[in-house]
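Contents: one structure, followed by commentary.
Chain naming here is simple, since letters A, B, ... match the order of the sequence lines and numbering starts at 1 in each. Scope of the values below: all heavy atoms of this structure, side chains included, with no hydrogens, waters or symmetry mates.
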Protein chains: 2
Amino acid sequence: MIFSKACEYGIRATMYVSLHSLENKRVSLKDISREIDSPEAFTAKVLQQLSRSGIINSLKGPTGGFFIDKPTMQKTNLSHVVYAIEGASFFKGCGLGLKECSEKRPCPLHSRFKIIREELRVSLENTNLYDLSLGVKDGLTFLKK
Amino acid sequence: MIFSKACEYGIRATMYVSLHSLENKRVSLKDISREIDSPEAFTAKVLQQLSRSGIINSLKGPTGGFFIDKPTMQKTNLSHVVYAIEGASFFKGCGLGLKECSEKRPCPLHSRFKIIREELRVSLENTNLYDLSLGVKDGLTFLKK
DNA sequence: ATATATTCGGATAAATTTGTCCGAATTAAA
DNA sequence: TTTAATTCGGACAAATTTATCCGAATATAT
């Protein structure tokens, strides 16, 4: 639930790139997809999106690959990654798909979903790539399988 | 986000059926899809699923249609509806799509998502059709557009 | 009995998401 | 300057979800 496959791969890939950028190492598409266990060509598309969005950087040619500088890692939150892949609609819209759902004209689930949605948003907005990748580096969390 | 189209229609349809079952009226597929603004044939499939799952009842023939008895309305929560349409996986699984994500081997988002997931589950489990349909009946909430 | 209004069920089609392939562009190293 | 390793970009293919169509089964009313 929650995320599309593209977004799942995108977050995992971003995490992997971040992790290695901690040590100033670039990683190739091949490395990434092998290490996060994702389809290579499809992951390439997602990485392109992230690159165009300015979330990660890329360099062509031998010794090329993907990377993120530390300042970007620190100021980039998961919300940015999700936004880049899922689009703005992820954070908006009615849980039941109504076009005119609002405070003034709420769907039956509006009040309940509002709370949860908000929490999700806040949670994504308060989680930056740097902190997340430290968790992986320290062996507290995992990216594969 | 969150729900599939099938589930959105399913919940809205169930709400509409409940609403009219409050007054012991059966409603036809045609009425339902018109009033919740959903594609008729597709909604029929979803209603069939709900009917097979025992969440709503159906009767063929003229004056037939869909309905729910009040006891069922009271003891059926949204979680049941979602479960019937999205399946068990909706309440399980890793936010990043990892197969082996667990307390012992958590993905980087595990702890954050666990909380939100749990809240969603609890919220769905504590919301029954009867209470929801009263909200619609009283004009506090809406099902269309 | 017959006609009619309905749900049921299977086949199919359209749209979207997910995934693959391949050649072009770029860059570094030999 | 050639070769090789990489990302980039477009076209395509497969899978899934969403949506439609139509005839069969069923039940009601005339």
Next on the checklist: From CD of B:Q49 over to C1' of C:dT7, roughly how many Å is that when rounded to an integer?
Outcome noted: 15 Å
Checklist entry - Looking at CZ of B:F66 and OG of B:S21, how far apart are the two atoms once the value is rounded to the nearest 0.5 Å? => result 11.5 Å
Item to check | Distance in angstrom units between B:E40 CD and C:dC8 C1', rounded | outcome: 14 Å
Checklist entry - A:K60 NZ to C:dT26 C1': how many Å, rounded? => result 5 Å
Checklist outcome for this item: Side-chain contact check for B:A6: nearest option of D:dT7, C:dA28, D:dT18 is D:dT18
Checklist entry - Does D:dT6 have OP1 or OP2 sitting under 4.0 Å from an N or O in the side chain of A:S58? => result no
Checklist entry - When all nucleic acid strands are considered with a 4.0 Å heavy-atom cut-off, which category describes A:L29: base, sugar-phosphate, or nothing? => result sugar-phosphate
Next on the checklist: What is the separation between atom CD1 on B:I32 and atom C1' on C:dT7, rounded to the nearest whole Å?
Outcome noted: 11 Å
Item to check | Euclidean distance, atom CG of residue A:D31 to atom C1' of D:dA5 [Å, nearest integer] | outcome: 12 Å
Next on the checklist: Taking 4.0 Å as the cut-off, does a side-chain nitrogen or oxygen of A:Q48 come that near to OP1 or OP2 on D:dG9?
Outcome noted: yes
Checklist entry - Within the structure shown, what part of the strands sits under 4.0 Å from A:L59 by heavy-atom distance: base, sugar-phosphate, or nothing? => result sugar-phosphate
Checklist entry - Looking across every strand, which nucleic acid part, if any, lies under 4.0 Å from B:R52 by heavy atom: base, sugar-phosphate, or nothing? => result sugar-phosphate
Next on the checklist: Between P on C:dT6 and CG on B:L47, what's the gap in Å once rounded to a whole number?
Outcome noted: 14 Å
Checklist outcome for this item: Per atom distances to the A:T63 side chain, the nearest of C:dT18, D:dC8, C:dA28 is C:dA28
Checklist entry - A:V81 and side chain to side chain contact (heavy atoms under 4.5 Å, CB included): which partner among A:I56, A:T127, A:L50? => result A:L50
Checklist entry - What's the closest nucleotide to the A:F42 side chain, out of D:dA27, C:dA25, C:dT18? => result C:dT18
Checklist entry - Cation over ring, B:R121 on B:F91, under 6.0 Å and within 45°? => result no
Checklist entry - Are any non-hydrogen side-chain atoms of A:Y83 and A:S53 less than 4.5 angstrom apart? => result no
Next on the checklist: Considering every strand and a 4.0 Å limit on heavy-atom distances, what is the contact class for A:K30: base, sugar-phosphate, or nothing?
Outcome noted: nothing
Checklist entry - Could you state the CG-P distance from B:L50 to C:dC8, rounded to the nearest angstrom? => result 11 Å
Next on the checklist: Using heavy-atom distances to pick each residue's nearest nucleotide on DNA chain C, tell me which of A:P39 and B:K45 is more 5'.
Outcome noted: B:K45
Checklist entry - When you check the phosphate oxygens OP1 and OP2 of C:dT7, does a side-chain N or O of B:S51 lie under 4.0 Å from one of them? => result no
Checklist entry - Does B:N128 reach the main-chain N or O of B:Y130 with its side chain, forming a donor-acceptor pair under 3.5 Å? => result yes
Item to check | Atom-to-atom span, CZ of A:F66 to P of D:dA5 - whole angstrom | outcome: 17 Å
Checklist entry - Which residue, A:P62 or A:C7, contacts DNA chain C at a nucleotide closer to its 5' end, judged by nearest heavy atom? => result A:C7
Next on the checklist: As a test of reading the structure: which of C:dG9, D:dA27, C:dG19 is closest to the side chain of A:Y9, going by heavy atoms?
Outcome noted: C:dG19
Checklist outcome for this item: Note: for B:R26 and B:A41 on DNA chain D, the residue whose nearest nucleotide lies more 5' is B:A41
Next on the checklist: A side-chain contact here means heavy atoms from C-beta on lying under 4.5 Å apart; do B:D31 and B:H20 qualify?
Outcome noted: no
